[in-house]
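Here's the structure, in structure tokens; my notes come after.
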Amino acid sequence: MKESIYNPQLTQLASVEELTGLETLFTVKSPDGTLGHKPGQFVMVSALGIGEAPISISSSPSRSNGEFELCVRKVGNVTNALHNMKPGDTIGIRGPFGASFPIEKFRGKDVLFAPGGLGLAPLRSLINEVLDERDAYERVIILYGAKQRSELLFCDEVAEWLERDDVECFLTVDCEDTTDAWHAGKEFDCNIGVITTLFPDIDIDPENTVAATCGPPIMYRFVLQEMLKKGIPEDQIYLSLERRMKCGVGKCGHCQIESLYCCQDGPVFNYAEIKGFEEAL
Amino acid sequence: MTSTNNKVKVAFFDFASCEGCQLTIIDALQTHLDLLEMVEIVQFREAMTEKGEDYQIAFVEGSCTRECDEERLFKIRKQADLVVALGACAHTGGINALKNIQPSLQDVREYVYADKADWYETYPTRPISAVIDVNAFIPGCPIDRGEFVKVVKNVLLGKRPGIPDYPVCVECKLKENVCLLLEGKPCLGPVIRAGCDAICPTYGEGCEGCRGLIPNPNENAMKDVLDEAGLSIEEIMARFTMFNAYNAHQIQERETAEERQ
Amino acid sequence: MNLQILEKGAIAPMVEALIADYRVVGPQAKGTKFVFDTIADANELRLDYNTTILPPKKVLQPQHERLATFNLQGEPTTESVVEAKPTVLFGVHTCDLKAINLLDEAFSDDYPDAHYLSRREKTLLVSIECLKPCDEHSFCKDMGTLTADGGYDLHLTEIESGYLVETGSEAGEELLAAYAQSSEGGVYQSTLEQIRSDKQDHFESKLHFDAAELPAMLGDAFEHPIWQDMGERCLACGSCTNVCPTCYCFNIEDEVNMTLTEGERVRSWDSCQLDEFASVAGGENFRESRAARQRHRLMRKGKYIYAKFDELGCVGCGRCIRTCTAKISIVESYNAIYDGK
Amino acid sequence: MSSVNVNVHHVTRVEGHGNIVVNAENGEIKECRFDVVEAPRFFEAFVRGRPYAEINHITSRICGICAVGHSTTSAMATEKALGVELTEQATLLRKLLFHAEIIDSHVLHTYYLVAPDFFGAGSVIPLIAINREVVERALRVKKLSGDLGAMVAGRHTHPVALVVGGFTHTPKDQELRDMRKRLVAAREDMDASVELFGSLDWPKFERETEYISLTKNDEYAFVGGRVKTSDGFEYPVEDYKKVTNEKCVPNSTAKWTHHNRDAYMVGALARFNNNFGHLHPTAKEAAAKLGMEPIVINSYLNSAAQVVEMVHCIEDSIAIIDELLERGIKPEEPAEVKRLTGEGIASCDVPRGILFHHYKYEDGVCAEANCIIPTNQNYSNLNADMKALAPQIIDQPEDDIRLAMEMLVRAYDPCISCSTHYLDIEFV
Ligand SMILES: Cc1cc2nc3c(=O)[nH]c(=O)nc-3n(C[C@H](O)[C@H](O)[C@H](O)COP(=O)(O)OP(=O)(O)OC[C@H]3O[C@@H](n4cnc5c(N)ncnc54)[C@H](O)[C@@H]3O)c2cc1C
Ligand code: SF4
Ligand code: SF4
Ligand code: SF4
């Protein structure tokens with residue numbers, strides 16, 4: 001046994017696209033031609049010599065083409081270093097790791113997505129997977145919230161979702177931008193208020209709905225409440241949680257939620273299974 | 001942050017201090033001569049004659065103890081992209097601040113200079129962060145050689161400086177030292193910031209607190225522990241103030257001000 | 001192989017012979033305490049030690065270790081660093097032995113950890129039976145680690161005339177044959193059993209209940225006031241986890257050389273008791289209070305590890321109690337929860 | 001003849017802040033002096049009220065380069081005050097640690113601070129390009145002395161393990177053996193150093209003065225002894241005030257001293273002149289190679305005397321280690337204090353010269369303190385040298401005058417950080 005599970009595979013950035021002032025989308029060449037990931041999984045990304053960070057795979061397996069996408073927010077050592085990179089630069093990858101969204105549980109159902117902020121990054125993988133096999137699902141509802149318009153991610157795709165007849169997409173921002181700078185989301189029809197304000201207006205068939213949500217820690221409690229209020233059964237709600245992670249393989253202990261390791265047992269959890277864990281939400 | 005020769009220009013400045021931190025940097029060169037491949041030192045009074053005024057990183061050693069120091073500090077702040085407080089004197093006020101907790105500053109001056117006291121300008125010691133904005137600090141009296149090198153590397157890489165937020169006990173345990181507190185000897189390790197590789201406990205002397213408190217110290221629990229080790233409240237305070245008198249004095253001042261209200 | 005016997009005087013030559021071929025790590029004195037360290041001279045080995053500051057896990061998972069190296073010049077390359085020296089870990093108490101068996105499991109699940117496992121593969125364990133408690137803090141009797149239940153290569157039990165040696169593996173058998181002057185000790189089988197049953201009386205039970213009840217008891221204790229009390233006294237210095245033989249949480253960091261041309265990935269021990277352990281970039285700290293962190297430690301030992309590996313995560317070595325300057329005791333805390341029910 | 005105005009603000013490559021002022025009009029010197037402008041730090045005032053065990057760790061911070069010197073002298077004074085007797089092992093370790101500091105300080109001064117002047121370099125950094133071998137040798141010797149200090153006390157800048165009563169740490173037998181090997185190997189570097197500094201063209205400048213140092217009957221004195229002056233006086237250290245006679249001077253935060261003449265000199269040259277006979281034979285050979293024979297009255301050669309002392313300290317360190325190994329080194333607890341009230345005075349001859357610490361304790365707490373620092377004692381002499389040198393070089397271009405003056409200041413190895421305070425304090 002000579003290979004370390006902590007030694008990353010090297011690969012190159014195919015393209016780099018700034019999404020907002022803070023978030024950039026990196027298209028990465030899959031190290032072995034294909035990453036073989038499932039929606040909801042993440043990779044440990046190395047900026048060699050700087051460190052590693054867990055990042056959700058934002059592209060869907062259905063659109064992989066030997067590449068995958070990472071949507072990264074600039075917050076610290078590794079993410080800053082990534083933001084300074086250009087196409088052709090080398091990064092390290094470990095993974096994909098973690099539990100994915102169980103796509104078979106969504107098939108044939110109405111699906112409800114409720115991403116908040118950067119939470120769209122992991123959900124986008126699932127959303128596009130669903131849209132690429134649109135016929136296999138009933139209704140597709142997307143309730144997407146951000147702090148302000150300039151922080152809306154993937155505006156091209158959001159515009160498409162807004163356009164499509166077979167997608168019910170609603171947007172909300174906590175408040176309008178304070179500056180006038182142009183932003184792709186400027187034109188969108190957009191509600192003002194936190195994400196939960198979108199729920200009352202939608203009509204759903206709870207028993208036939210499977211929901212997925214991801215966002216900042218404080219968002220879960222409120223979104224879950226709305227979903228439960230709508231009558232969606234607990235075991236039909238999936239969420240993706242963030243924790244500090246150093247290894248990604250269930251050992252370093254940082255991501256523990258009581259006896260669970262978020263990196264292995266999660267990051268995608270079924271609400272019915274996780275709700276008994278006091279440290280989870 | 002690079003100059004024409006692609007090296008970052010750094011300068012060293014000293015204020016009231018023993019200059020042990022600058023010496024520690026000279027010592028760091030013993031094992032890291034390649035440091036000079038990465039940075040260009042444009043000013044280092046203790047080691048070189050040249051004085052360049054064009055620099056991006058300023059390492060400032062020593063405390064501010066008089067008005068004329070402030071002006072020098074403002075000038076440094078204006079020039080440098082990054083100001084790093086070097087060592088306890090600059091970071092916490094260090095030993096110099098012991099004069100702040102003497103009964104009166106005038107008495108301090110007269111004790112040393114008698115009737116000539118007025119010749120010597122001085123005011124209560126301040127860490128440099130009390131005068132100008134500081135981007136990073138390297139704690140310790142003196143600084144730790146390895147930590148200095150690490151901070152320089154991190155800054156060159158665009159990372160945070162990487163000064164630990166956890167206490168000395170962590171490093172002490174990893175070195176498998178016999179715990180002094182458990183042997184009934186005073187040690188501030190549980191509430192003082194690590195990064196020195198627990199050098200004092202390793203050499204049999206309890207931590208004296210030169211690196212300053214960790215961000216969330218459990219001070220009450222620490223007092224109980226020192227009390228248990230047989231220290232009187234005066235001795236506990238002496239331990240706490242040796243390198244942290246500026247802080248202790250500030251707290252005291254605030255408390256008396258509150259009482260007065 | 002049947003029970004063997006080693007004369008008292010045969011230990012030193014055995015160790016000297018081993019030193020020639022292996023790194024021999026065993027207990028030695030450090031000031032008033034003992035530590036596991038490389039034995040350079042058989043006289044340094046102190047089989048009469050009570051307990052060590054750090055457990056022998058450091059031999060298998062060192063405080064700091066390189067995981068990989070990077071070459072950052074031009075087209076970057078990386079290389080795994082998997083280093084392991086043939087080692088004999090000599091004089092391991094049965095609590096620590098049990099803990100190593102638990103670490104073996106933790107590091108060999110779905111993603112086998114080559115760093116730990118290759119060291120483990122090259123390490124022979126020579127354990128030793130404790131005949132009296134190391135001090136007032138150990139509670140091995142409660143945790144069922146008073147005797148070894150396999151997991152060793154050789155196991156020693158001291159008797160008047162020497163050491164009885166049990167072999168637990170083929171490798172152990174070979175080691176004994178190649179390095180020690182032992183002789184057939186079958187006649188002592190009953191002595192051994194006698195010692196094991198006699199020694200029970202020298203060890204006290206500390207828990208007020210059967211340790212097997214721990215997972216269930218802790219299941220109801222998430223909101224117990226004891227955590228608050230522990231949090232108030234705790235200094236969050238991380239010593240309790242650093243000295244624990246079953247704690248293996250770690251941090252991984254990348255480092256570079258001065259000219260930024262080479263780098264390495266380094267793993268170091270980490271502790272769930274430290275402020276930053278569970279914090280993320282957004283500013284959220286999932287275990288912000290010292291109380292929550294102490295709860296996590298005690299839950300992990302008594303419940304979470306059990307949920308994962310079907311074994312309790314505490315082996316009763318007492319190190320965390322011994323090391324805590326604030327005198328926080330896992331035994332007292334568990335008892336308080338039990339007594340309060 | 002034109003006017004000269006040399007004003008060197010903050011002389012570089014010395015510890016601390018000092019200014020040189022030379023003003024001449026038509027060849028006539030109007031002003032020539034050295035100012036100390038370092039911020040005063042008030043150590044003697046703020047150690048009052050602190051527990052005795054802290055004092056030597058606090059006063060260590062007077063100076064980062066002679067930290068061992070301050071810490072040792074301070075601990076010795078406290079030990080005298082409180083009736084502490086050191087063991088023989090601790091006494092030997094103190095000497096060994098002291099040698100580490102002498103070597104460290106001298107190599108720093110001679111190689112990093114003085115040598116660049118002779119190579120026409122502004123610092124040791126460009127010297128790497130000019131003569132890498134010299135720089136590497138300097139780094140090697142510096143590392144050796146640093147490691148020697150660390151072996152005994154954890155580190156040499158603010159030694160950790162040096163406490164009242166001895167040490168809180170004992171080096172291991174094996175460490176001593178390894179260190180001995182390195183010291184023996186360093187002889188080669190010493191030979192090369194003697195050769196290097198013997199080849200330098202030292203400025204020819206002479207002025208008679210009084211040299212003051214410690215002295216001992218049986219060894220080259222660094223740690224303790226009696227005060228000896230080249231004018232024939234001897235005092236017990238308790239009479240230090242008869243020697244120093246401190247006074248404040250307006251343009252200086254340091255205090256000035258005088259004894260039999262207007263000025264006296266302390267430091268390596270003073271020790272060399274007063275104690276030549278006790279130097280190790282190898283060091284005497286080194287002196288011969290450097291062309292030095294007591295009494296040397298060229299202050300520039302203070303740096304050369306430092307080279308001689310480095311050789312001596314390397315040899316004597318080997319001897320001390322041999323003695324420790326022969327006795328068998330074993331862990332010891334620091335000796336206990338016998339009383340909590342008392343007064344004590346101690347002196348060591350630190351790299352820059354003779355240093356005095358004087359304390360009074362009441363109930364284990366410091367009540368009075370006084371420290372007299374070597375650099376202070378040299379100011380009068382430095383100024384006298386400057387005044388004597390100025391007319392000899394006043395015809396030269398300003399840059400040359402500036403360099404000659406700076407080199408003179410540097411030859412004294414002034415450590416200004418530690419010298420900024422202090423007046424005689426009468427204890428009553
Ligand atoms: C499963 C999973 C999926 C994720 N997916 C994504 C994703 O798709 N996109 C994305 O952008 N992010 C994602 N994240 C979050 C991302 O992993 C973190 O933002 C990232 O690890 C930050 O790494 P960094 O090295 O840049 O920051 P670090 O340098 O590690 O900084 C972050 C940590 O350092 C501390 N810190 C930050 N600043 C300071 C400071 N000034 N001083 C002291 N401490 C400080 C914070 O407490 C924080 O814990 C995901 C996380 C998880 C667990
Ligand atoms: S000696 Fe001090 S630093 Fe070390 S573990 Fe004990 S209390 Fe902590
Ligand atoms: S142990 Fe304490 S006093 Fe010693 S260097 Fe570290 S922080 Fe400073
Ligand atoms: S929890 Fe404490 S007693 Fe239990 S194994 Fe860990 S250190 Fe030993």
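Order of the sequence lines fixes the chain letters, A, B, ..., with proteins taken first and strands second; residue numbering starts at 1 for each chain.
You'll find the side chain of Leu25(A) reaches within 4.5 Å of the side chain of Leu19(A), heavy atoms only. Taking the side chain as every heavy atom from C-beta outward, Leu214(C) and Met143(C) approach each other to under 4.5 Å.
Here Ser46(A) is the residue among Ser46(A), Gly76(A), Gly92(A) with the most heavy-atom pairs under 4.5 Å with chain C. Put simply, of Cys252(A), Cys255(A), Gly250(A), the one with the most heavy-atom pairs under 4.5 Å next to chain C is Cys252(A). Ranked by heavy-atom pairs under 4.5 Å with chain A, the first of Asp110(C), Val256(C), Asp270(C) is Asp270(C). Most heavy-atom pairs under 4.5 Å with chain C: of the set Ile257(A), Val75(A), Val249(A), this distinction falls to Val249(A). The choice from Phe107(C), Phe70(C), Tyr304(C), Phe222(C) that makes the most heavy-atom pairs within less than 4.5 Å of chain A is Tyr304(C). Chosen from Cys247(C), Gly282(C), Ser279(C), Ala292(C), the residue pairing most often with chain A at heavy-atom distances under 4.5 Å is Ser279(C). Highest contact tally toward chain C, considering only Lys246(A), Lys251(A), Glu278(A), Glu279(A), is held by Lys251(A) [criterion: heavy-atom pairs under 4.5 Å].
Of the two parts of Ala307(C), only the side chain, counted from C-beta on, holds a non-hydrogen atom closer than 4.5 Å to a non-hydrogen atom of chain A. With a 4.5 Å cut-off on non-hydrogen atoms, Ile252(C) touches chain A through its backbone and its side chain both. Residue Glu253(C): no heavy atom, backbone or side chain, is found under 4.5 Å from chain A. At a 4.5 Å heavy-atom cutoff, the contact between Asn251(C) and chain A is made by backbone and side-chain atoms alike. Residue contact with chain C, scored on non-hydrogen atoms closer than 4.5 Å, is absent for Pro216(A). Using a 4.5 Å cut-off between heavy atoms, Tyr306(C) makes no contact with chain A at all. Contacts of Phe277(C) with chain A are made by both backbone and side-chain atoms, with heavy-atom separations under 4.5 Å. Ala53(A) does not touch chain C: none of its heavy atoms, backbone or side chain, sits under 4.5 Å away. Heavy-atom distances place no part of Glu264(C) under 4.5 Å from chain A, backbone and side chain included. With a threshold of 4.5 angstrom between heavy atoms, Phe250(C) approaches chain A through its backbone and through its side chain. In this structure, the portions of Glu276(C) lying under 4.5 Å from any heavy atom of chain A include both its backbone and its side chain. Only the backbone of Ile50(A) comes within less than 4.5 Å of a heavy atom of chain C; no side-chain atom from C-beta onward does. Both the backbone and the side chain of Gln256(A) come within less than 4.5 Å of a heavy atom in chain C.
Of the options Glu65(C), Gln63(C), His64(C), a side-chain contact (heavy atoms from CB on, under 4.5 Å) to Trp269(C) is made by Gln63(C) and by none of the others.
The cationic group of Arg94(A) does not satisfy the cation-pi geometry with Tyr6(A), failing either the under 6.0 Å distance to the six-membered ring centre or the 45° limit from the ring axis.
Between Asp96(C) and Arg319(C) there is a salt bridge, since at least one side-chain N of the basic residue sits less than 4.0 Å from a carboxylate O of the acidic one. A salt bridge between Glu23(A) and Arg73(A) is present, with a side-chain N of the basic residue lying under 4.0 Å from a carboxylate O of the acidic one. Of the charged side-chain nitrogens involved, none lies within less than 4.0 Å of a carboxylate oxygen, so that Arg290(C) and Asp275(C) do not count as a salt-bridged pair. Using a cutoff of 4.0 Å between basic side-chain nitrogens and carboxylate oxygens, Asp113(C) and Arg267(C) are scored as salt-bridged. Salt bridge status for Arg265(C) with Glu255(C): absent, with no side-chain N to carboxylate O gap under 4.0 Å.
Judged purely by atom type and a 3.5 angstrom limit, Thr241(C) uses its side chain to pair as donor or acceptor with the backbone of Gly238(C). Under the 3.5 Å distance criterion, the side-chain polar atoms of Asn270(A) are matched with a main-chain donor or acceptor of Ala272(A).
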Candidate pair Tyr116(C) and Tyr248(C), rule ring-ring contact (aromatic ring centres under 6.0 Å, His included), full reasoning: CA-CA 11 Å; Tyr116(C) 177 95; Tyr248(C) 57 91; 8.7 Å; no
